[in-house]
Asker: 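Structure below; questions to follow.
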Amino acid sequence: MVDQPDAEGCPASSFDEIARDLQELRFATGDVPYAEIVRRIAAHRESSGIDPGACRPARTTVYDAFRAGRRRVNPQLIGEIARVLGASDLEVLRWEERCLHARRNPPVVAQRGPDVEKDEIPPTPTRDEDGPAVRARLRKVMLFFACIALNASGFALVAWLGLPLYFDMVGTAMAAILLGPWAGVAVGLSTNGVGMAITGSSSIAFALVNIVGALVWGYGARRFHMCRTLSRYLLLNVLVALSCSLVASALLVFMFNGGTGHASESTTRNLAQMGNPLSFAVLISNVVHSLADKLLTGFVALGAFGAIRRWIEVPFYDALSTNAMRRLKTGGEPEDDLPRASAHVH
């Protein structure tokens, strides 16, 4: 939760600081879309008795509340945004108090000449208010298709080299964490459709594995905040590996008699030759290879987050990387919970 100022002695706070903290609150509650914030505000106003025809704020007005460079803000609107993002009544009052404090203490503006009034504030240049939102949506669409291409490339590389890995879910992990679990599902299903051209019809049967992986990655990161520290991120990838293994093992046993010819199935054969039941051999083999695969996938995705954070939001990246550096410097001491930081779109 973003730290709130004390209502009885509000510290100095600028409109830019308020916008930054409000953005961090939005990220901390699951990167809530601006349209969803508008919908929640309208629903709250309507429940408070306001005429439904007049209770919906403009989307650009809500978007502006998160934008730096403002000269004035509406304290009541800021409070409403904080409320629909989970703030309590007391926290809402503190948000409004910050806005009033910033209004009473505007930043000093340099004079342009002797004829300029001392407290004159230069007008903010006009521009297309929807531009940043449109560009952000375009970047997300580009990321979506890049994730499909990344999955397909890993799929093809493993098939070509005969590696005992899968490496077909890097894009699924990225999409699920950055765009949402169901975007990850869409990427995974698209990947399995492309995979039919590489390994035949058996690929489509394993679409369920991609679906499960996307949901665990997406909800684990966005709802349960498992990307805030390095240990939680590692645990998230382990959970994905185990979940995918359970589904994949069931498919292999009941649909493919234990195998599809993948390089990792040599472990299954060795375990079966030792006298283990087929289902046990498939499960153990799949868990071992899936753990290696998903941990590698997680670290490749983490590296990709660092590369793309300048053009798309990666809310947890600063907290995760800072925590990792702390662990390296302290020799792996237990991690402290860090505030959720954000990498804003540039």
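Keep in mind that the numbers below use all heavy atoms, side chains included, and drop hydrogens, waters and symmetry copies.
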Asker: Counting N and O atoms only, with roles assigned by atom type, does the side chain of Asp16 sit under 3.5 Å from a partner on the main chain of Ala68, one being a donor and the other an acceptor?
Answerer: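 No.
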Asker: Would you indicate whether the side-chain heavy atoms of Leu302 and Tyr233 approach each other to under 4.5 Å?
Answerer: yes
Asker: Say whether Leu189 and Trp217 are linked into one hydrophobic cluster, either directly or through other cluster members, by side-chain heavy-atom distances under 4.5 angstrom.
Answerer: no
Asker: Does Asp31 have any salt bridge (charged side-chain N to carboxylate O under 4.0 Å, His left out) partners at least two apart in sequence or in another chain, and if so, which?
Answerer: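 Counting only residues at least two positions away or on another chain, Asp31 forms a salt bridge (charged side-chain N to carboxylate O under 4.0 Å, His left out) with Arg26.
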Asker: Test of understanding: clusters of I, L, V, M, F, W, Y form through side-chain heavy atoms closer than 4.5 Å, transitively. Do Val38 and Tyr63 belong to the same one?
Answerer: yes
Asker: Using side chain to side chain contact (heavy atoms under 4.5 Å, CB included), reason through Leu246 and Leu283 one step at a time and then give a plain yes or no.
Answerer: CA-CA 7 Å; Leu246 290 174; Leu283 177 62; 4.1 Å; yes
Asker: Say whether, by atom type as modelled, one donor and one acceptor occur between the side chain of Gln273 and the main chain of Asn270 under 3.5 angstrom.
Answerer: no
Asker: Locate the shortest heavy-atom distance separating Leu236 from Gly220; write the atom from each residue and the value.
Answerer: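 The answer is CD1-CA, 3.9 Å.
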Asker: About how many Å separate NZ of Lys294 and SG of Cys244, when rounded to the nearest 0.5 Å?
Answerer: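 Interatomic distance, Cys244 SG to Lys294 NZ, rounded to 0.5 Å: 5.0 Å.
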Asker: Name each donor-acceptor pair under 3.5 Å that joins a side chain in residues 141-148 to protein atoms two or more places apart or in another chain, with its distance.
Answerer:
none

Asker: Is a donor on one side and an acceptor on the other found under 3.5 Å between the side chain of Asn257 and the backbone of Val253?
Answerer: no
Asker: Taking side-chain contact (heavy atoms from CB on, under 4.5 Å) as the definition, give me every residue that meets it alongside Ala58, ordered by chain and number, with sequence neighbours left out.
Answerer: Thr60, Thr61
Asker: Taking the side chain as C-beta and beyond, is there a heavy-atom pair between Phe15 and Arg103 under 4.5 Å?
Answerer: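 Side chain of Phe15 against side chain of Arg103, heavy atoms only: contact under 4.5 Å found.
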Asker: Residues in side-chain contact (heavy atoms from CB on, under 4.5 Å) with Val247, at least two apart?
Answerer: Leu208, Val209, Val212, Leu251
Asker: Any idea which heavy atoms bring Gly86 and Glu91 closest together, and the distance?
Answerer: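 Shortest heavy-atom separation between Gly86 and Glu91 comes out as O-OE1, 4.4 Å.
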Asker: Give a yes or no answer on whether the side chain of Arg59 reaches the backbone of Tyr34 with a donor-acceptor pair at less than 3.5 Å.
Answerer: no
Asker: If you round to the nearest 0.5 Å, how far is CZ of Arg98 from CD1 of Ile18?
Answerer: 5.0 Å
Asker: Find out whether Phe305 and Val300 are in side-chain contact, i.e. whether some heavy atom of one side chain is under 4.5 Å from a heavy atom of the other.
Answerer: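 Side chain of Phe305 against side chain of Val300, heavy atoms only: no contact under 4.5 Å found.
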Asker: Say you draw a straight line from CG of Leu77 to CD1 of Ile37; how long is it, rounded to the nearest 0.5 Å?
Answerer: 10.0 Å
Asker: Would you name the heavy atoms of Ser243 and Val216 that are closest together and state the gap between them?
Answerer: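 Closest heavy-atom pair between Ser243 and Val216: OG-CG2, 3.9 Å.
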Asker: Report yes or no: do Asp21 and Trp95 form a side-chain donor-acceptor pair below 3.5 Å?
Answerer: no
Asker: If you round to the nearest 0.5 Å, how far is NE2 of His262 from CG of Asn286?
Answerer: 9.5 Å
Asker: Taking side chain as C-beta onward, heavy atoms only, is Asn74 less than 4.5 Å from Ile78?
Answerer: no
Asker: Of the non-hydrogen atoms in Val282 and Gly258, which two are nearest, and what is the gap between them?
Answerer: CG2-O, 3.7 Å
Asker: If the condition is salt bridge (charged side-chain N to carboxylate O under 4.0 Å, His left out), which residues does Arg56 pass it with, not counting sequence neighbours?
Answerer: none
Asker: Calculate, to the nearest 0.5 Å, the distance between atoms CZ and CG belonging to Phe224 and Leu239 respectively.
Answerer: 10.5 Å
Asker: Which pairs, with at least one residue in residues 208-225 and sequence neighbours excluded, count as a salt bridge (charged side-chain N to carboxylate O under 4.0 Å, His left out)?
Answerer: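 Applying salt bridge (charged side-chain N to carboxylate O under 4.0 Å, His left out) to every pair that reaches into residues 208-225, excluding sequence neighbours, yields nothing.
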Asker: Can you list the residues that meet the salt bridge (charged side-chain N to carboxylate O under 4.0 Å, His left out) rule with Arg269, with sequence neighbours excluded?
Answerer: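 Partners of Arg269 by the salt bridge (charged side-chain N to carboxylate O under 4.0 Å, His left out) criterion come out as none, since no residue qualifies.
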Asker: Can you list, pair by pair, the side-chain donor-acceptor contacts under 3.5 Å of residues 162-184, counting residues two or more places apart and other chains?
Answerer:
residue, atom, partner, partner atom, Å
Thr172, OG1, Asn151, ND2, 2.8
Thr172, OG1, Asn210, OD1, 3.0
Trp182, NE1, Tyr219, OH, 3.1

Asker: Where do Pro57 and Val62 come nearest, in terms of heavy atoms and distance?
Answerer: CG-CG2, 4.0 Å
Asker: Membership question, hydrophobic clusters at under 4.5 Å side-chain separation (ILVMFWY): are Ile211 and Ile204 in the same one?
Answerer: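 The answer is no; the residues belong to distinct hydrophobic clusters.
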Asker: Would you say Leu138 ends up clustered with Val134 if hydrophobic residues are merged whenever their side chains have heavy atoms under 4.5 Å apart, either directly or through other cluster members?
Answerer: no
Asker: For Ser153, which residues count as a side-chain contact (heavy atoms from CB on, under 4.5 Å) partner, sequence neighbours excluded?
Answerer: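 Residues passing side-chain contact (heavy atoms from CB on, under 4.5 Å) with Ser153: none at all.
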Asker: Pairs in or reaching into residues 72-85: which pass salt bridge (charged side-chain N to carboxylate O under 4.0 Å, His left out), with residues at least two apart or in two chains?
Answerer: Arg45-Glu80, Arg83-Asp89
Asker: Is the shortest heavy-atom distance from the side chain of Leu252 to the side chain of Phe206 under 4.5 Å?
Answerer: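 Of all side-chain heavy-atom pairs linking Phe206 with Leu252, at least one is under 4.5 Å.
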Asker: A side-chain contact here means heavy atoms from C-beta on lying under 4.5 Å apart; do Val238 and Leu242 qualify?
Answerer: yes
Asker: Excluding sequence neighbours, so at least two apart, what forms side-chain contact (heavy atoms from CB on, under 4.5 Å) with Glu36?
Answerer: Val32, Pro33, Arg39, Arg40
Asker: To the nearest 0.5 Å, what is the distance between CD1 on Ile81 and CD1 on Ile41?
Answerer: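 If we round to the nearest 0.5 Å, Ile81:CD1 and Ile41:CD1 are 5.0 Å apart.
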Asker: Shared ILVMFWY cluster between Val287 and Leu234, side chains joined below 4.5 angstrom?
Answerer: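 Yes, it is one cluster - the side chains of Val287 and Leu234 are joined through contacts under 4.5 Å.
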Asker: Between Ala272 and Ala281, which heavy-atom pair has the shortest distance, and what is it?
Answerer: N-CB, 3.9 Å
Asker: Side chain to side chain donor-acceptor pair (under 3.5 Å) with Glu265: which residues, sequence neighbours excluded?
Answerer: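 Glu265 satisfies side chain to side chain donor-acceptor pair (under 3.5 Å) with Thr260 once adjacent residues are dropped.
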